[in-house]
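Below is a structure I'd like to ask you about.
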Amino acid sequence: MGIVSSGFRGRRKRDVPGLPPGQYVTEDFPVLSAGPTPRIDPREWTFSFTGAAARRLWDWNGFLSLPHEHVTVDIHCVTSWSKLGTRWRGVPVDALFDGTDGASVSAREGFALFHSYGGYTTNLPLTDVLDGKAWLVHEFEGEPLAAEHGGPVRLLVPHLYLWKSAKWVDGLELVDRDIPGFWESRGYHMHGDPWTEERYG
Ligand SMILES: Nc1nc2c(c(=O)[nH]1)N[C@H]1C(S)=C(S)[C@@H](COP(=O)(O)O)O[C@H]1N2
Ligand SMILES: [Mo]
């Protein structure tokens, strides 16, 4: 068994149904961070929701009291590894919008700029984070999310390349234009759809 699986691990599995073009399957969970891993005590963690339509702040307990979902999804990194069937638990981004002044938000127009501890940012059209497409997750495979993978809370946007899934996330800023985030201003694509290989520029 061990010999068989190590033999297969050496090869890059590319001919897998449901795999975006140019990707291979990994069983590992690589860590890709632009800087050091911040150690954030959940008791001190907050998440802010700012912009034209709203200004709200959740602390850890307030966040945990929001509606939760279990999510099982494939994730795709622009460096060409994909990990299939990953299981997460967290709060759908939609839930952050419930109870806000919906006047401009209900139009589903505009953009989100997500902010993280340490200064990382990433930009997304609201249409890519609402209607059950994105979550703020704090559990991975039934355990609290490890710090190196973005714990206590990261964004999960599985239908886009994983650089959009900001780790150590602490804020959503509503903006009316698409402002490039950390990687987007360094040559990565503004949108990042793995199915059409929106990798760079
Ligand atoms: N705050 C923050 N979020 C981040 C990053 C980062 O450097 N800082 N790296 C991004 C990139 S490029 C990728 S591929 C994924 C990697 O997530 P992982 O380390 O859990 O595999 O996180 C994304 N989110
Ligand atoms: Mo990445």
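In listed order, ligands and their atoms are each counted from 1.
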For this session: Please work out whether any backbone atom (N, CA, C, O) or any side-chain heavy atom from C-beta onward of W183 is under 4.0 Å from ligand 1, and answer side chain, backbone, both or neither.
Result: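 Looking at W183 and ligand 1, just side chain atoms fall under 4.0 Å.
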Exercise. How far is atom 16 (C) of ligand 1 from its nearest protein heavy atom, and which residue and atom is that?
Worked result: L32 O, 3.6 Å
For this session: Quick one: do H191 and D128 satisfy side-chain hydrogen bond (donor to acceptor under 3.5 Å, both in side chains)? Show the steps, please.
Result: CA-CA 9 Å; H191 186 232; D128 278 290; 3.0 Å; yes
For this session: For ligand 1, indicate whether the residue A34 contacts it via side chain, backbone, both or neither (heavy-atom separation under 4.0 Å).
Result: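 Both the backbone and the side chain of A34 come within reach of ligand 1.
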Exercise. Which protein non-hydrogen atom lies closest to atom 24 (N) of ligand 1, naming both residue and atom, and how far is it?
Worked result: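 Result for atom 24 (N) of ligand 1: S165 O, 3.2 Å.
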Problem set entry | Proximal ligand 1 atoms for S33, defined as those under 4.0 Å from one of its heavy atoms | 7 (O)
Problem set entry | Check: T127 main-chain N/O paired with K133 side-chain donor or acceptor under 3.5 Å | yes
Exercise. Where does the angle between the aromatic ring planes of W163 and Y161 fall among parallel (under 30°), tilted (30 to 60°) and perpendicular (over 60°)?
Worked result: parallel
Exercise. What about G35: any of its N or O atoms under 3.5 Å from an N or O on ligand 1?
Worked result: no
Exercise. Looking only at protein heavy atoms, which one is nearest to atom 22 (O) of ligand 1, and how far off is it?
Worked result: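 It is R154 NH2, 3.2 Å.
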Problem set entry | W45 side chain vs V169 backbone, donor-acceptor pair below 3.5 Å | yes
Exercise. Are any side-chain N or O atoms of Q23 and backbone N or O atoms of W81, one a donor and one an acceptor, separated by less than 3.5 Å?
Worked result: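 Yes; at least one donor-acceptor contact below 3.5 Å.
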Problem set entry | Backbone N/O of L113 and side chain of N123: donor-acceptor pair under 3.5 Å |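 Absent.
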Problem set entry | Carboxylate-amine/guanidinium contact R39 E44, below 4.0 Å |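 No, this pair does not count.
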Exercise. With a 4.0 Å cut-off, would you call E173 and R55 a salt bridge?
Worked result: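 Looking at E173 and R55, the cut-off is not met.
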For this session: Using the six-membered ring wherever Trp is involved, compare the ring planes of F49 and W58 and label them parallel, tilted or perpendicular (cut-offs 30° and 60°).
Result: tilted
Problem set entry | Cation-pi check, R186 onto F182 ring (under 6.0 Å, within 45° of axis) |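 Yes, R186 and F182 form such a contact.
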For this session: With heavy atoms only and a cut-off of under 4.0 Å, state how W81 meets ligand 1: side chain, backbone, both or neither.
Result: side chain
Problem set entry | Shortest protein heavy-atom distance from atom 14 (S) of ligand 1, along with the residue and atom involved | C77 SG, 3.3 Å
Exercise. For atom 23 (C) of ligand 1, which protein heavy atom lies nearest, and how many Å away is it?
Worked result: L162 O, 3.4 Å
Exercise. What is the nearest protein non-hydrogen atom to atom 10 (C) of ligand 1, stated with its residue, atom name and distance?
Worked result: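 The closest heavy atom on the protein side is Y120 OH, 3.5 Å.
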For this session: Determine whether the side chain, the backbone, both or neither of W168 has a heavy atom under 4.0 Å from any heavy atom of ligand 1.
Result: side chain
Problem set entry | Contact partition for Y161 relative to ligand 1, non-hydrogen atoms under 4.0 Å | neither
Problem set entry | Sub-3.5 Å N/O-N/O distance, V31 and ligand 1 |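 Such a contact does not occur with ligand 1.
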For this session: Would you mind listing which atoms of ligand 1 come within a distance below 4.0 Å of any non-hydrogen atom of S116?
Result: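 Result: 1 (N).
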For this session: For the residue pair W88 and F140, categorise the inter-ring angle as parallel (less than 30°), tilted (30 to 60°) or perpendicular (more than 60°).
Result: tilted
Problem set entry | Pair S116-K167, side-chain hydrogen bond (donor to acceptor under 3.5 Å, both in side chains): steps then yes or no | CA-CA 7 Å; S116 297; K167 305 196 281 189; over 6 Å; no
Seminar exercise, completed: Quick note on ligand 1: atoms under 4.0 Å from a heavy atom of A166 include exactly 3 (N), 24 (N)
Problem set entry | Identity and separation of the nearest protein heavy atom to atom 3 (N) of ligand 1 |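 Of every protein heavy atom, K167 N, 2.8 Å lies nearest to atom 3 (N) of ligand 1.
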For this session: Would you mind listing which atoms of ligand 1 come within a distance below 4.0 Å of any non-hydrogen atom of H149?
Result: 18 (P), 19 (O), 20 (O), 21 (O)
Exercise. Going by distance only, is there an N or O of P30 that falls short of 3.5 Å from an N or O of ligand 1?
Worked result: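 Indeed, backbone or side chain, P30 has an N or O that close.
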Seminar exercise, completed: of all protein heavy atoms, closest to atom 11 (C) of ligand 1 is W163 CA, 3.6 Å
